[in-house]
Student: 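Once you've had a glance at the structure underneath, I'll fire off some questions.
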Amino acid sequence: MTGNDALAEEQEHLGRLLDRLEELRKDTRARLDAVLRGTGGTPQARSERESFARLYSSELASFNAANLGLYFGRLDMEDGEVRRIGRVGLRDDDEDLTTLLLDWRADHSRPFYLATTARPEGAHRRRHLRTIGRRVIGVHDEFLTAPVDGDVPEDHDDVVGESALLEALDAARSGHMTDIVATIQREQDEIIRNPHSGVLVVQGGPGTGKTAVALHRAAYLLYNHRQRLDRSGVLIVGPNPRFLDYIARVLPSLGESGVVLRTLGDLYPGVRATGPESLRGEEVKGSEAMVDILRAAVRARQLAPADEVEVHVDGHRLVLEPATVRAARGRARMTRRPHNQARDAFATRITEALTEQYMAALTDPVGDAEDEAWAPRGDGLGDLGDPARPLLDAEDRAALRTEVEESVEVGEAIDEWWPVLRPERLLAELLSSRERITEAAGDYVAEDQEALFREDGYAFSVADVPLLDELAELLGDDPSEEGTEADRAWAEQVRQAEEALEILTGSAVQDIEDDLDPEVLMAYDVVDAESLARRHSADSDLTVADRAGADRTWAFGHVIVDEAQELSAMAWRTLMRRSPNRWMTLVGDVAQTSSPAGIDSWGDALSPYVDDRWVLCELTVNYRTPATVSAVAEALLAEIDPAATSPRPVRRGRHPVEWAEPDAASLVDLVVERVTAVSPERAVAVVVPEWTEYDDDNGVLSEDGHGTADGGRVNDSAASTGYPDLREAVERARPGTSVLPLALAKGLEFDVVVVIDPEQILGRSPQGLQDLYVGTTRATQELVLAQPGGFGPLLTEIRETLAGSREELTA
């Protein structure tokens with residue numbers, strides 16, 4: 001078949017697919033409109049209508065997304081079967097429901113991503129198609145088995161569809177990540193479809209496609225576990241808002257929009273974590289020792305008086321001894337309930353003690369119970385031998401107790417000794433008071449205590465979010481917020497859920513061997529009654545993503561974390577609460593850890609939660625960074641971890657790395673010259689070490705470069721950097737060029753990257769090598785290292801070592 005014949009054949013099929021897609025879209029639109037017009041009915045009917053509305057909306061979104069690049073691949077199997085691969089599965093409306101297009105996630109589509117000449121997976125030919133709108137503009141065939149009169153062509157098992165892949169890699173970058181659905185490679189596909197139902201760790205160096213793999217895995221899991229994940233949702237956690245903006249279009253382009261995208265700073269509803277944070281503060285707050293500090297801060301608010309305290313109830317003078325209050329405090333703590341819920345036990349003990357005194361005062365002939373030692377009888381009838389002593393029955397006792405409970409003075413005393421606490425206020429008061437910090441963290445050295453302190457306690461940083469989440473667990477809900485009709489209805493739902501969990505508990509297998517216990521996971525192990533009730537509540541027309549994103553206690557069906565190596569011990573606790581079933585995909589590279597509170601090994605981070613029941617998958621091929629740039633990254637990696645293996649680049653690269661040493665006066669001119677030489681369609685970034693001032697309106701970084709990198713939304717055009725003249729000159733010379741701090745570059749990629757002052761990057765923190773490693777691997781085509789005044793010993797040595805291999809790399 002000639003090239004023109006192939007184009008004509010695929011053009012005809014594409015037209016048929018698009019026509020069928022339009023039929024389905026119109027039909028779904030009509031169904032959705034009919035459902036939305038429905039009103040009234042029983043609660044069940046309303047619930048069904050909302051379910052159908054969500055279903056049709058989801059299908060419509062999928063059809064709309066599939067319209068762009070609908071059909072991209074074809075497999076000709078050795079048995080003569082033809083399989084066409086696309087973004088969605090489509091069947092004809094004929095009697096046999098002929099398959100017109102296979103969804104890329106279907107099992108029958110796998111050979112398209114796995115087949116090589118060494119392992120053809122039953123396929124004879126793989127065809128890649130390039131389309132624009134309704135037109136097929138290119139067809140590329142790969143023969144996976146030898147022609148009758150020919151030899152099997154040489155092939156690399158780790159690169160599938162090399163021609164289409166290289167074309168995609170050489171394409172100009174934009175401000176948003178695109179999907180890789182047409183060029184997924186074998187090792188990526190194996191991770192995307194991995195059946196492990198626990199914690200899956202995806203380790204890979206820069207450019208290996210970790211993020212793309214994670215996003216496509218999310219789409220694959222939603223396809224194969226639709227019913228389960230539609231109810232519980234999928235959470236994707238990224239390192240900063242700019243990164244989330246960058247990846248935001250990938251899942252919708254794959255027909256999936258029902259996921260929750262968040263940064264760590266967004267995981268505590270109602271708080272926007274945009275405050276600055278020092279490196280020392282980030283490290284201290286990330287330590288698991290903060291759990292004990294927060295517990296101590298809570299206990300410090302559970303008080304007892306040093307002396308007797310008088311309160312008056314209906315004109316009667318009652319006295320509380322310090323020992324009585326301490327006993328009430330001990331009883332409340334023994335309940336092991338969160339602080340706010342344990343308050344009831346404390347208040348009950350205080351009320352009981354005062355009620356006893358009150359009864360004694362009323363039954364004492366003298367009228368003052370404290371003047372003689374008298375203890376009421378256990379039956380509440382008083383001393384029947386004294387006719388002058390009035391008799392108080394149970395009803396009288398209840399009335400007296402009510403008077404005590406309603407006493408303003410008693411309520412004020414209870415509030416003082418065991419106040420209702422809220423996480424935001426408690427943490428703000430702790431961090432803004434050196435006295436409270438010393439009280440809670442007395443075992444810490446002075447420098448660490450000082451790192452916790454700030455003048456404005458409410459200027460929450462990203463590092464504070466796990467602390468707020470921990471406090472929410474320690475404190476529990478505010479009981480004063482309960483009591484409405486809606487609350488009572490909710491309490492009834494929780495009660496029913498508790499009954500359901502009790503049935504599950506009672507029906508559990510009882511003869512499990514001890515050594516198998518950790519492997520057995522029952523429903524009541526991973527979900528409490530309240531989350532069960534919430535999950536099955538059908539009285540809201542919000543989507544699962546909407547409800548889950550606004551609910552701190554939501555239990556997600558699957559959690560994906562990008563740049564997971566940056567998570568602190570406290571952040572891991574926060575994430576694990578969102579994933580009680582421990583079904584997670586964690587993506588990262590330990591060699592790129594830049595946070596002082598980040599991890600050194602996956603095992604250390606995960607063993608407290610899943611022991612050794614996690615699976616490690618590694619990506620070994622670098623698709624983003626050409627060999628010219630990778631050589632610099634490899635040299636840095638050897639300094640970070642001499643035992644680490646750098647991913648193999650698939651491209652040699654056309655441009656050598658430029659090592660520029662301008663003086664301070666000519667730096668701006670050099671950068672402007674480099675960025676204006678790049679063609680307009682290419683994405684260019686100028687990466688600086690850090691911001692030098694904190695801009696609260698725009699949520700940019702503090703002097704140490706950490707600030708809101710993970711929390712606030714950055715407006716590049718308004719933010720201030722340490723190189724204001726450089727920024728202004730670059731924006732004037734080449735509008736649209738990104739000038740951003742290194743902390744915001746992680747996870748992003750650009751055609752051309754200019755890294756300013758790499759020596760400052762190396763020296764600004766103990767993770768300087770890792771930071772520069774990240775900065776040098778953002779480029780897909782060209783890298784410029786611009787060092788005012790000249791490079792230091794390490795970079796000079798790397799530069800000289802690589803100089804001899806330059807011609808080989810760019811050959």
Side-chain angles (χ1 to χ4, degrees), residues 301-421 475-485 487-488 490-492 494-495 498:
R301 308 300 287 272
Q302 300 166 354
L303 306 173
D307 302 308
E308 294 181 346
V309 175
E310 292 185 5
V311 294
H312 295 83
V313 178
D314 195 25
H316 292 270
R317 171 179 169 272
L318 305 178
V319 177
L320 274 171
E321 299 286 344
T324 301
V325 180
R326 289 195 298 271
R329 181 176 63 183
R331 176 63 62 87
R333 288 174 174 173
M334 286 176 63
T335 65
R336 304 292 184 184
R337 304 187 71 192
H339 170 89
N340 290 333
Q341 276 68 58
R343 172 185 161 95
D344 284 344
F346 177 82
T348 296
R349 193 65 180 264
I350 296 295
T351 301
E352 288 175 349
L354 292 174
T355 301
E356 293 294 334
Q357 280 194 39
Y358 197 3
M359 290 177 61
L362 294 179
T363 56
D364 190 328
V366 180
D368 190 352
E370 71 173 352
D371 290 340
E372 61 178 288
W374 179 87
R377 286 172 48 140
D379 58 10
L381 297 177
D383 188 346
L384 297 179
D386 185 350
R389 195 180 298 274
L391 300 178
L392 299 178
D393 58 18
E395 186 176 342
D396 295 328
R397 179 185 176 89
L400 295 179
R401 180 186 175 93
T402 299
E403 289 186 31
V404 172
E405 290 176 332
E406 293 177 352
S407 166
V408 173
E409 292 187 21
V410 173
E412 290 175 347
I414 292 173
D415 286 340
E416 179 182 355
W417 299 328
W418 197 289
V420 172
L421 299 175
L475 298 178
D477 295 331
D478 181 354
S480 66
E481 296 177 353
E482 301 174 358
T484 65
E485 185 62 35
D487 292 328
R488 287 189 287 274
W490 176 249
E492 175 61 19
V494 172
R495 185 192 65 77
E498 286 174 342

Student: What's the shortest heavy-atom distance between A345 and A332, and which atoms?
Tutor: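 Where A345 meets A332 most closely, the heavy atoms are CB-CA, 3.9 Å.
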
Student: For a side chain to side chain contact (heavy atoms under 4.5 Å, CB included) check, start with the C-alpha distance between V325 and I350, then their side-chain angles and the critical distance, and finish with the verdict.
Tutor: CA-CA 7 Å; V325 180; I350 296 295; 4.1 Å; yes

Student: Taking side-chain hydrogen bond (donor to acceptor under 3.5 Å, both in side chains) as the definition, give me every residue that meets it alongside R337, ordered by chain and number, with sequence neighbours left out.
Tutor: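 R337 satisfies side-chain hydrogen bond (donor to acceptor under 3.5 Å, both in side chains) with no residue once adjacent residues are dropped.
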
Student: Name every donor-acceptor pair, under 3.5 Å, that has one atom in a side chain of residues 304-311 and the other anywhere in the protein, sequence neighbours excluded.
Tutor:
| residue | atom | partner | partner atom | Å |
| --- | --- | --- | --- | --- |
| E310 | OE2 | R317 | NE | 3.0 |
| E310 | OE2 | R317 | NH2 | 3.2 |

Student: Side chain to side chain contact (heavy atoms under 4.5 Å, CB included) for R336 and Q341? Distances and angles first, verdict last.
Tutor: CA-CA 10 Å; R336 304 292 184 184; Q341 276 68 58; over 6 Å; no

Student: With a 4.5 Å cut-off on side-chain heavy atoms, are L354 and V410 touching?
Tutor: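 Yes. Closest side-chain heavy atoms under 4.5 Å.
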
Student: Return the set of residues passing side-chain hydrogen bond (donor to acceptor under 3.5 Å, both in side chains) with E395 (not counting sequence neighbours), or none when no residue passes.
Tutor: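 With neighbours one apart ignored, the set is empty.
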
Student: Going by side chain to side chain donor-acceptor pair (under 3.5 Å), name the pairs with one or both residues in residues 344-354, residues two or more places apart or in two chains.
Tutor: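 Every pair satisfying side chain to side chain donor-acceptor pair (under 3.5 Å) with a residue in residues 344-354: there are none.
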
Student: Between CZ of R301 and CG of L303, what distance do you get to the nearest 0.5 Å?
Tutor: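 If I round to the nearest 0.5 Å, the distance is 8.0 Å.
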
Student: Checking the side chain of N340 only, and the main-chain atoms of V420 only, is there a donor and an acceptor separated by less than 3.5 Å?
Tutor: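 Checked: no pair found.
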
Student: Strictly by ring-ring contact (aromatic ring centres under 6.0 Å, His included), give each pair with a member in residues 319-347 just once, sequence neighbours left out.
Tutor: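 Only H339-W418, F346-W418 qualify under ring-ring contact (aromatic ring centres under 6.0 Å, His included).
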
Student: Test M359 against D396 for side chain to side chain contact (heavy atoms under 4.5 Å, CB included), laying out the working first.
Tutor: CA-CA 9 Å; M359 290 177 61; D396 295 328; over 6 Å; no

Student: Can you name the side-chain hydrogen bond (donor to acceptor under 3.5 Å, both in side chains) partners of R329, sequence neighbours left out?
Tutor: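 Expected list: none.
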
Student: Applying salt bridge (Lys or Arg N to Asp or Glu O under 4.0 Å), which residue pairs with at least one partner in residues 402-415 are found, sequence neighbours left out?
Tutor: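 Non-adjacent pairs meeting salt bridge (Lys or Arg N to Asp or Glu O under 4.0 Å): R343-D415, R401-E405.
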
Student: With sequence neighbours excluded, tell me which residues meet side chain to side chain contact (heavy atoms under 4.5 Å, CB included) with A347.
Tutor: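 If we apply the side chain to side chain contact (heavy atoms under 4.5 Å, CB included) test to A347, skipping adjacent residues, the hits are I414.
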
